[in-house]
Amino acid sequence: MAATTLSGKTLFITGASRGIGLAIALRAARDGANVAIAAKTTDPHPRLPGTIYSAAKEIEAAGGRALPLAVDIRDEAQVESAVAQTVATFGGLDILVNNASAISLTGTLDTSMKRYDLMHQVNARGTFLCTKTCMPHLKRAANPHVLMISPPLNLDERWFAPHVAYTMAKYGMSLCVLGMAGEFRPDGVAVNALWPRTIIGTAALQAIPTIGVEERMRTRTPEIVADAAHVILTGDASAHTGRFFLDDDVLRSAGVTDLSQYRHAGVTDADLLPDLFL
């Protein structure tokens, strides 16, 4: 059944040490949720903020319970151990957020096979593995959700030609939505995707050399994705599955008409940079 809060719910969020994953975790924490932070960063990165331990402190300060887990989602044994620890610690599992992702916006000739493998192992394989591992526990939950942070499927050439390797890997996550929503509909598990309308101002932008300081001001904050995720995850799992949601559409459908809180000062909607896949 639908609810208005995630209080007491247990979330397993991949890549939650920073960015969108952490924002989703903090929004849930403000409801009093339990959050398992499944990410690789245990020591401070020289250029990127956040570790699983700093994220845990933020989650607990926001009112939630946190379980920091050092997990490489490419490793089956590590994922299985992390999910088992989550269930043992919190008594079950209600929500999986597949947020972890690797990116390289490079053409075919400029994409090394090492980078190709990383993107496919993290994005497509990691999403499949985490969902497969969490599903037996989700089936036993009340109102269980799986949410992929992945784009709507669109087979137009223009979404592939500039960076076919990345698009293939990211669409692998979206294809999981398409298949798993149907597969697990009889079990009452919702499987959906959420994607931002605009580019989101996270540390991941540093991986995109074409986006400079001025362009970064033309982004929305991660909180818009987190608030949209909250709307989806408190919704009725039996009523909405197999959907490809956009963040601002979700918020508007929930009655949010002023989205200026998610913009930088002085930036208008017309200034915002549309997302890569929209």
Side-chain angles (χ1 to χ4, degrees), residues 6 11-28 35-41 48 50 55 71 73-74 79 95-105 118-131 134 138 145-154 159 166-181 190-205 207-208 219-235 240-251 262 274-278:
L6 295 175
L11 294 79
F12 188 96
I13 307 178
T14 66
S17 59
R18 60 175 69 97
I20 289 172
L22 178 57
I24 293 172
L26 291 174
R27 180 63 186 87
V35 182
I37 307 153
K40 285 177 61 179
T41 308
L48 299 174
V71 183
I73 64 168
R74 296 172 294 176
V79 170
I95 293 165
L96 165 64
V97 179
N98 284 303
N99 166 73
S101 188
I103 183 172
S104 181
L105 299 180
L118 174 67
M119 288 191 286
H120 283 260
Q121 288 165 2
V122 171
N123 301 2
R125 186 182 186 277
T127 291
F128 185 93
L129 171 59
C130 289
T131 309
C134 289
L138 293 170
H145 286 266
V146 178
L147 185 65
M148 323 299 192
I149 307 302
S150 66
L153 290 166
N154 186 325
W159 303 130
Y166 174 66
T167 301
M168 289 168 65
K170 202 66 185 173
Y171 274 22
M173 298 175 69
S174 299
L175 287 170
C176 283
V177 173
L178 194 64
M180 292 174 178
V191 184
N192 293 295
L194 174 63
W195 197 243
R197 172 85 62 183
T198 69
I199 291 178
I200 300 298
T202 69
L205 289 186
I208 308 176
T219 63
R220 282 174 169 160
T221 65
E223 284 69 31
I224 189 170
V225 184
D227 287 349
H230 186 271
V231 172
I232 296 167
L233 298 174
T234 54
H240 301 289
T241 189
R243 301 279 300 276
F244 292 87
F245 294 105
L246 297 180
D247 55 1
D248 53 6
D249 283 347
V250 171
L251 293 177
Y262 305 113
D275 182 78
L276 185 68
F277 288 109
L278 300 175

Looking only at heavy atoms, what is the nearest atom pair of Leu105 and Leu276, with distance? CD2-CD2, 3.7 Å

Closest approach of Leu22 and Ser17, non-hydrogen atoms and distance? CD2-O, 3.9 Å

Ile149 vs Trp195, side-chain contact (heavy atoms from CB on, under 4.5 Å): CA-CA, chis, key distance, verdict: CA-CA 6 Å; Ile149 307 302; Trp195 197 243; 4.3 Å; yes

If you apply the rule side-chain hydrogen bond (donor to acceptor under 3.5 Å, both in side chains), what do you find for Asp248 with Tyr262, and how did you get there? CA-CA 10 Å; Asp248 53 6; Tyr262 305 113; over 6 Å; no

Nearest heavy-atom approach of Ile13 to Gly21 is CG2-O, 4.0 Å

Leu278 versus Pro151: any side-chain heavy-atom pair under 4.5 Å? no

Contact between Arg197 and Arg220 at the side-chain level, heavy atoms closer than 4.5 Å - yes or no? yes

Any side-chain heavy atom of Leu194 sitting closer than 4.5 Å to one from Asn192? no

Heavy-atom closest pair (Asn99 atom, Gly15 atom, distance to 0.1 Å) is ND2-O, 3.0 Å

Phe128, CZ atom: more than 12 neighbouring heavy atoms under 6.0 Å: no

Does His145 use its side chain to pair, donor to acceptor, with the backbone of Gly235 at less than 3.5 Å? yes

Given the options Thr131, Asn123, Thr14, Asn98 meets side chain to side chain donor-acceptor pair (under 3.5 Å) only with Thr131

Knowing that exactly one of Asp275, Asp247, Thr221 qualifies, which makes a side chain to side chain contact (heavy atoms under 4.5 Å, CB included) with Ile200? Asp247

Please report the interatomic distance OG(Ser101) to OH(Tyr166), rounded to the nearest 0.5 Å. 4.5 Å

Looking at side-chain heavy atoms only, is the closest gap between Asp227 and Arg27 below 4.5 Å? yes

Answer yes or no: is there a side-chain heavy-atom contact under 4.5 Å between Thr234 and Leu6? yes

Apply side-chain contact (heavy atoms from CB on, under 4.5 Å) to residues Arg74 and Leu118 and explain how you reach the verdict. CA-CA 9 Å; Arg74 296 172 294 176; Leu118 174 67; 3.3 Å; yes

First locate atom CE of Met119, then atom OG1 of Thr167, and finally report the distance between them rounded to the nearest 0.5 Å. 9.0 Å

Measuring from Gln121:CD to Ile73:CD1, what's the distance to the nearest 0.5 Å? 10.5 Å

Please report the shortest heavy-atom distance between Gly172 and Ala124, naming the atom on each side. CA-CB, 4.0 Å

Could you check whether the rings of His240 and Phe245 sit parallel, tilted or perpendicular, using 30° and 60° as the cut-offs? perpendicular

Kindly indicate whether the side chain of Thr219, heavy atoms from C-beta on, has any atom under 4.5 Å from the side chain of Thr198. no

The single option from Val35, Val146, Leu233 passing side chain to side chain contact (heavy atoms under 4.5 Å, CB included) against Val97: Leu233

With the side chain counted from C-beta on, respond yes when Leu153 and Phe244 share a heavy-atom pair under 4.5 Å apart, and no when they do not. yes

Does the side chain of Cys176 come within less than 4.5 Å of Met148's, by heavy atoms? yes

Do you know the tightest heavy-atom contact between Tyr171 and Pro152? OH-O, 3.7 Å

